[in-house]
Amino acid sequence: MENDETKIPQLDKEGLSHKSVNLWQITWRRLFRRRSALVGMGILGLLVFIALTAQWLAPYGFDEVLIGKENVSSREKPCIHLLGCPADQPQHLAGIDGNVRDQYSRLLYGARLSLMVGFSTVTFAIIIGTVLGAIAGYFGGWWDNIIMRFMDVLLAFPSLLLAIAIVTVLGPGLINALIAIGIVSIPAYARVMRASVLTVREMEYVSATRALGGSNMQILFLRILPNALTPLIVQGTLGIASAILDAAALSFLGLGAQPPTPEWGSMLGAERNQVFTAPHLVFYPGLMIMLTVLSFNLIGDGLRDALDPRLAHSS
Amino acid sequence: MKRNLYALLSLLMLASLVLAACGGGAAATEEAPAATEAPAAEEEAVPDINLATYDGTSLSVPAEECNGDYIGEFQSIEATDDHTVVFTLCRPDPAFLSKIAFSVYSIYPSEWIESTAGGDGTRTSEGLEAPIGTGPYMISEWNRGESITFKANPNYWGDAPAADTLVFRWSSESAARLLELQSGTVDGIDNVGPDDFDVVRGDANLSLNERPALNVFYIGFTNTFAPFDNQDVRQAVAKGIDRQRIVDNFYPAGSEVASHFTPCSIPGGCEGDDWYDFDPVAAKEQLAAAGFPDGFSTKIYYRDVVRSYLPQVSNVAQDIQAQLKENLNIDAEIVVMESGAFIEESTAGRLDGMYLLGWGADYPHPTNFLDYHFGAANPQFGNQSPTYYEPIAKAAQIADPAESAPLYAEANNALKEFVPMIPVAHGGSGTAYRADVTGQQASPLGNELFSAMDPGGRDVFVWMQNAEPISLFCADESDGESLRACEQVTEALYSYEINGTAAVPALAEKCEPNASLDVWTCTLRQGVTFSDGSAFDASDVVATFNMGLNTGSPTHVGNTNAWEYYDYLWGLMKKPGQ
């Protein structure tokens, strides 16, 4: 009985009122005790910091061509003063890219894009998926049949292939890639939501609300939805990782972000031919994608464990 | 709290809907110009009239048509005996030998031409994949997607090739080609990546051959679209792009900034004034005077393929984008198109922005560059100006370079004034071979002949190029990767000297003109047999040209039936219907 979440709530200093510990605080505490989740949050925190402060952190603009400004040439190796690069040469932590721009600055600005891609596509997919799944689960019958069969059709395609098909129709571009990835991730959330709604639907408190005369909307959004949210959060966190990966893949294929946008996938794709002559141009964007995806996966794993009531006392 | 959740949900929904709507809207506006332009392409419905008559030893059009609507060059092609062919032209052609040496005009056996002409409008698969010729090799097997294997032709009239077997492979990635060469699985590769030149030079097991820059990379405009309908805008863009910077950063050694559309290494290629110097201040002023002091928005179209005139297309596109923004405040969006669609749209003049395209020489003469691009009828740059197409047409009929030089100077100066495009660079490229290969080649025209190379005593020579041939029926192909494969198998009356551009006799011992350059008499090599054992004679030559030029002939069937080079260099034997 030493776990925080099982302690009886303490009186505060005045000894008058006490605050109850809600689910989110419990989850938060559990999450903080998981080392892998902490690492994930650490990396993500760093990335968010980079994304927010890219314009101050980056020594150059992401589209600033250094021809004529500095004595550097295309695809030059990294020059780091700490590692013995002569001090009279300008420092380029990640080298120079094929268009004579500072790769390090582009990597920093890329964090902004990738996080934006991850959050916006998943938000889009969660909203649509939740509504569809909730309707299917709550009303059942032919609503359920139509919506879920349509989701099955979407799931039948390999997700990247479907995204490529959608982008081909809409035309290449970052926004269109986001829409495509958003659409292909809808079914996962719809399914999760429907399953949760089905379990919560028959609970006593739902029946009670209905007996009190609550409308369908009230029951669905105020009673059922909040209680079906936890699996969605886990799915969403893991979904951000795959959305970022899909966006990078689309950009690598030239269907996503268009130049000179510093998207990691497109940076990787643009220099794939130089993998032997200028490995730094392929290595760093790849590393950044890996770190971002890893951080979301670690957090997602941690969240899943933290939110699982069956694991509540095991940690 | 609950109300907040509601509000948040509805807000996010709304936001996503707006996002979706905007995305859809953008796509719709992109399609609009294409839809309005479409009718221009489908004007002519009247079928052309075929003018050719062919009887096995003679192919001709009525002599009076030469002064009529017939725009082709050949009046007649006649086999006067077994080993003499007389070409009678409608007008003098000083470049005849250079043109007849082009491998598209390789000679096939007349029986084979008939037997492989499929009834359904295309060649039979045998005709497309296993051509019969007189060359040093013959096709053994084409393993689609993998490789083409050639075997030495036992009937070849010249020196037998050093390697009995020749294998063609391909990879679009320059890094992959170099890796194969370094690991020794191939003996030679085409188009070494610009950054890999030093790698190859530094490797004692490899050797590099630089290919002279006989090509041009240009930025095209279609002057029927605003704001490129304004000559001042085009001139401003021409002055506002630092071409030296592009060549310095994105081209291999041996490349040069284009002073004219035609490379200077082609005789008579760069008459007239040099192109504009880079002058951002003057460019900005001119753009402001033309009514765009704050620049404008446009697009840069390209296809993501490697050609020797444009080895790093995506980097060049991005640099042009950056330069336009920096020097002229022009916002250019980059649009990558599929290769076939890009060629179709750009050559039909349907792209509403700038486009990045180039041209590699087929034969070393200014007509090959200027006539094709700047003829009056070419819609590629929108409306062509008579200030240059008239002198170009006049110069094409003059044999003496000294006499045609002033006309080419006039044309080049008019091009500089009118700016239908901006010539940027003549791109160098290179081949690399294993160091023990003797007789290494890097042909300026891209036609390496592997029979003249010895792969260090090995039996098999493996060559790796950029792409798989489209078909091996090269009479109806225009793609260099296909032509190179055909050149190992088939031969024309003349050929180009190894590693050079001069026309040297091949199946003809000599071709001689009359004094006015409009009758060329070719004496054919005797005792030559095709790889299928049939004898080569003058009727095969006439049958081959009948196949290419006579639109009414049952043998006038190819792969796509575009007959691009027969049409463009000689003109098909037809005239437009009434």
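Convention: sequence-line order gives letters A, B, ...; per-chain numbering from 1.
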### Query
Any salt bridge between B/R201 and B/E210, counting N to O under 4.0 Å?
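Yes, this pair counts.
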#### Entry: Sidechain N-carboxylate O distance under 4.0 Å for B/D248, B/R245
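Salt bridge between B/D248 and B/R245, a charged N being under 4.0 Å from a carboxylate O: no.
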### Task
Evaluate the criterion salt bridge (Lys or Arg N to Asp or Glu O under 4.0 Å) for residue pair B/K239 and B/D279; output intermediate values, then yes/no.
CA-CA 5 Å; B/K239 290 173 192 166; B/D279 188 348; over 6 Å; no
### Query
Going through the checks in order, is the side-chain contact (heavy atoms from CB on, under 4.5 Å) test met by A/E76 and A/H92?
CA-CA 9 Å; A/E76 216 162 83; A/H92 295 287; 5.8 Å; no
### Query
Minimum heavy-atom separation for A/A94 to A/H280, with atom names?
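Of all heavy-atom pairs spanning A/A94 and A/H280, the closest is O-CD2, 3.4 Å.
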### Closest non-hydrogen atom pair between A/G137 and A/V197, with its separation
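So the two residues come closest at C-CG1, 3.7 Å.
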### Most chain B-contacting option - heavy-atom pairs closer than 4.5 Å, from A/Q274, A/R101, A/E64
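Counting heavy-atom pairs under 4.5 Å, the top option is A/R101.
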### Task
Go through B/D242, B/V335, B/I334, B/D196 and name the one with the most non-hydrogen pairs under 4.5 angstrom from chain A.
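If we count pairs closer than 4.5 Å to chain A, B/I334 comes out on top.
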### Query
Among B/V316, B/D304, B/N315, B/D198, who wins on heavy-atom pairs under 4.5 Å with chain A?
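If we count pairs closer than 4.5 Å to chain A, B/N315 comes out on top.
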### Query
Hey, mind stepping through A/N99 and A/R106 against side-chain hydrogen bond (donor to acceptor under 3.5 Å, both in side chains) and telling me if it holds?
CA-CA 12 Å; A/N99 270 71; A/R106 287 175 64 74; over 6 Å; no
### Query
Is chain A contacted by the side chain of B/L178, its backbone, both, or neither, given a heavy-atom distance below 4.5 Å?
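It is neither, since no heavy atom gets under 4.5 Å.
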### Query
Between the main-chain N or O of A/G256 and the side-chain N or O of A/Q258, is there a donor-acceptor pair closer than 3.5 Å?
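Yes.
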### Task
Anything in residues 320-329 of chain B with a heavy-atom distance to chain A below 4.5 Å? Please list those residues in order.
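Listed by number: B/Q321, B/A322.
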